[in-house]
Undergrad: 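Dumping the structure here so I can ask a few things about it.
No hydrogens, no waters, no symmetry mates; every other heavy atom, side chains included, goes into these values. Chain letters run A, B, ... following the sequence lines, proteins first and then strands; every chain starts at 1.
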There are 2 protein chains.
Amino acid sequence: MTTPAVTRVPQEERTRAMRQRLLEATVELLVEKGFSGTTTTLVSERAGVSRGAQLHHFPTKNDLVVAAVAHLTEIRGQELAAAAAQLPRGKKRTRAVVEMLGDHFASSVFTAALELWVAARTDPALLEAVGPLEERVGRETHRLTVQLLDVDESVAGVRELIQATLDLVRGLGLANTLGDDARRRHRILDEWARTLDESLGFEARSARTSTTGDARSARTSTTGRST
Amino acid sequence: MTTPAVTRVPQEERTRAMRQRLLEATVELLVEKGFSGTTTTLVSERAGVSRGAQLHHFPTKNDLVVAAVAHLTEIRGQELAAAAAQLPRGKKRTRAVVEMLGDHFASSVFTAALELWVAARTDPALLEAVGPLEERVGRETHRLTVQLLDVDESVAGVRELIQATLDLVRGLGLANTLGDDARRRHRILDEWARTLDESLGFEARSARTSTTGDARSARTSTTGRST
DNA sequence: AAACAAACAGTCATGCTTGACTGTTTGTGA
DNA sequence: TCACAAACAGTCAAGCATGACTGTTTGTTT
């Protein structure tokens, strides 16, 4: 019963721990050194694991990185779930959701994923592993966002706006990798959240009236679009 | 008079041509093989230039790539200017502008720039060259977009929406590198163009049911993007 | 306790990229 | 036409990442 076929049950505790350390070291190095800078030697050193031990678990660099992708996916899911759990309900929820997504895509987790993403573009073997995985994560994120915003996707246009939001934070995350500017990001997402609320039919949620009035329509005949 | 200091005037024609070929080969390889896959040997082979000739013009790989960045910037500017010249005026202009940006950020030019962008993140020498350049290009693109859309940036929120638009197309471009269809992009940008018009006070432009309440449910799935 | 199996550790050869070196061609001025 | 200088071409050694190989330790089962 407890011994299915082979005889290694308590040992795999060490195995798990070692793999864990290797994967975490890999992610760290991806952020610090980039993909090509993440050498297998550096990984083993960083993880405090011998070279042979590493090869034992991950025979090739691709194996290691592919496993890191999966590990990363796990982290991403946990992070998002944790952040989503403590979102405020009510009028400022849209903005909170958007900011949460923005922060997530500005984290080091995204940076590491970006490295893999870009590397996978020109590495068929990596693409085969990263592609489906990232697609799955994307769908999951989309679903989560729809759920968090509590919108009806069957309404035309809503799905596209959600996708736009996710692509926006992706773009912001990309911009964030070179020059960190959290203030810019927050300003943009703040405005985005307002626009989103308006377009989704949540005007009541975030009334922007006070700040600008109807100054938006300064150019094409003042249509006086108050709300 | 015609010989300032040294004696090479007609010869530099060849020089320019050779540099041009090298830079174009570099860009091509960046798209095909990625940054680390772009070896100096491959570049010289692709360009039909000898190894020594290449080293003569670009002593190190960094020099070559940095020059490629500048060359790329040139291309990006030309592409955008050319596309902007034949934009339709009138009601569908916003959508046309947005689509133009979307297409631009989905081109191979963006792909090559992305490789450099990501590589520069973990390469100080490269960052020093790419950072300011990309920032300048970003500002230029922003300015161009403002001009093309003919919006007043002094109005609160407008600047952020323009930035959001650019970050959105950047995110879409990133998604496009792995394998994202153009249809998705067009749907998203189409919807965003509408939203942008509404938020900028151009409702008259993109005739769409009014924005009050959740009028979106009124419009069903039709909404093709002709007309 | 002993034997067996798996996990772990260290070392080394292979292959590749880089850029430095030397020779050749092309263009310019006298 | 000759001399000089710059651009160009090809080759080669150094440095490094990779992963294959062999030996050692740890854990389990009888």
Undergrad: Considering residues at least two apart in sequence or located in another chain, which fulfil the side-chain hydrogen bond (donor to acceptor under 3.5 Å, both in side chains) criterion with B/Arg46?
TA: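 Result, side-chain hydrogen bond (donor to acceptor under 3.5 Å, both in side chains) vs B/Arg46: B/Glu28, B/Glu32.
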
Undergrad: Which residues, if any, of residues 27-49 of chain A bring a heavy atom under 4.0 Å of DNA chain D?
TA: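 Output list: A/Thr39, A/Thr40, A/Thr41.
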
Undergrad: Could you tabulate the donor-acceptor pairs under 3.5 Å formed by side-chain atoms of residues 73-86 of chain A, not counting sequence neighbours?
TA:
{"residue": "A/Thr73", "atom": "OG1", "partner": "A/Val69", "partner atom": "O", "Å": "2.8"}
{"residue": "A/Arg76", "atom": "NH1", "partner": "A/Glu134", "partner atom": "OE2", "Å": "2.7"}
{"residue": "A/Glu79", "atom": "OE1", "partner": "A/His104", "partner atom": "ND1", "Å": "3.4"}

Undergrad: My understanding is that only residues two or more places apart in sequence, or in another chain, count here; which of them pass ring-ring contact (aromatic ring centres under 6.0 Å, His included) with B/Phe35?
TA: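 B/Phe35: no ring-ring contact (aromatic ring centres under 6.0 Å, His included) contacts found.
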
Undergrad: Would you call B/Arg139 and B/Glu135 a salt bridge, using N to O less than 4.0 angstrom?
TA: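 A salt bridge is present here (some side-chain N lies under 4.0 Å from a carboxylate O).
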
Undergrad: Output one line per pair: protein atom, nucleotide atom from nucleotides 12-15 of chain C, and distance, for all N/O pairs under 3.5 Å.
TA:
none

Undergrad: Between B/Arg121 (side chain only) and A/Thr177 (backbone N and O only), is there a donor and an acceptor less than 3.5 Å apart?
TA: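 Not a single qualifying donor-acceptor pair exists.
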
Undergrad: Return the set of residues passing salt bridge (charged side-chain N to carboxylate O under 4.0 Å, His left out) with A/Glu99 (not counting sequence neighbours), or none when no residue passes.
TA: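 None.
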
Undergrad: Under the rule for side-chain hydrogen bond (donor to acceptor under 3.5 Å, both in side chains), what residues qualify as partners of B/Asn62, not counting sequence neighbours?
TA: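 Listed in chain order: nothing, the list is empty.
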
Undergrad: Just how far, in rounded Å, is C1' of C/dG19 from CG of B/Leu64?
TA: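 From B/Leu64 CG to C/dG19 C1': 13 Å.
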
Undergrad: With sequence neighbours left out, write down each residue that passes salt bridge (charged side-chain N to carboxylate O under 4.0 Å, His left out) with B/Arg89, or none if nothing qualifies.
TA: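 Checked B/Arg89 against salt bridge (charged side-chain N to carboxylate O under 4.0 Å, His left out); zero matches.
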
Undergrad: Looking at B/Ser108 and B/Val31, what are the two nearest heavy atoms and their distance?
TA: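 So the two residues come closest at O-CG2, 3.5 Å.
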
Undergrad: Test of understanding: with ring-ring contact (aromatic ring centres under 6.0 Å, His included), list the residues that count as partners of B/Trp117, not counting sequence neighbours.
TA: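 Expected list: none.
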
Undergrad: Would you tell me whether B/His142 and B/Gln147 have side-chain atoms, one donor and one acceptor, within less than 3.5 Å of each other?
TA: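 Result is no, nothing qualifies.
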
Undergrad: Given B/Leu116, which partner from the list B/Leu133, B/Val27, B/Leu30, B/Thr38 fulfils the side chain to side chain contact (heavy atoms under 4.5 Å, CB included) test?
TA: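 For B/Leu116, the side chain to side chain contact (heavy atoms under 4.5 Å, CB included) check succeeds only for B/Leu30.
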
Undergrad: Between D/dA17 atom P and A/Asn62 atom CG, what is the distance in whole Å?
TA: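 Atom CG in A/Asn62 sits about 18 Å away from atom P in D/dA17.
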
Undergrad: Tell me the interatomic distance from A/Arg19, atom CZ, to C/dC8, atom C1', rounded to whole angstroms.
TA: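 Roughly 15 Å, once rounded to whole Å.
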
Undergrad: Name the atoms and distances for all side-chain donor-acceptor pairs under 3.5 Å in residues 163-172 of chain A, with sequence neighbours left out.
TA:
{"residue": "A/Thr165", "atom": "OG1", "partner": "A/Leu161", "partner atom": "O", "Å": "2.8"}
{"residue": "A/Thr165", "atom": "OG1", "partner": "A/Trp192", "partner atom": "NE1", "Å": "2.9"}
{"residue": "A/Asp167", "atom": "OD1", "partner": "A/Arg170", "partner atom": "NH1", "Å": "2.8"}
{"residue": "A/Asp167", "atom": "OD1", "partner": "B/Arg184", "partner atom": "NH2", "Å": "3.0"}
{"residue": "A/Asp167", "atom": "OD2", "partner": "B/Arg184", "partner atom": "NH1", "Å": "3.4"}
{"residue": "A/Asp167", "atom": "OD2", "partner": "B/Arg184", "partner atom": "NH2", "Å": "2.8"}

Undergrad: Might you list the N or O atoms of the protein lying below 3.5 Å from N or O atoms in nucleotides 21-25 of chain C, with each pair's distance?
TA:
none

Undergrad: Whole-Å distance between D/dA9 C1' and B/Gln54 CD?
TA: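 Going from CD in B/Gln54 over to C1' in D/dA9 covers 12 Å.
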
Undergrad: Does A/Lys61 put a side-chain nitrogen or oxygen below 4.0 Å from OP1 or OP2 of D/dA17?
TA: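 No, because none of the side-chain N or O atoms of A/Lys61 sits under 4.0 Å from OP1 or OP2 of D/dA17.
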
Undergrad: Report yes if at least one side-chain N or O of B/Ser50 is closer than 4.0 Å to OP1 or OP2 of D/dC8; otherwise report no.
TA: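 No.
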
Undergrad: Closer than 4.0 Å, any side-chain N/O of A/His57 to the OP1 or OP2 of C/dC8?
TA: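 For C/dC8, OP1 or OP2 has a side-chain N or O of A/His57 closer than 4.0 Å.
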
Undergrad: For DNA chain D, which residues in residues 115-129 of chain A have a heavy atom at a distance below 4.0 Å?
TA: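 When residues 115-129 of chain A is checked for heavy atoms under 4.0 Å from DNA chain D, there are no hits whatsoever.
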
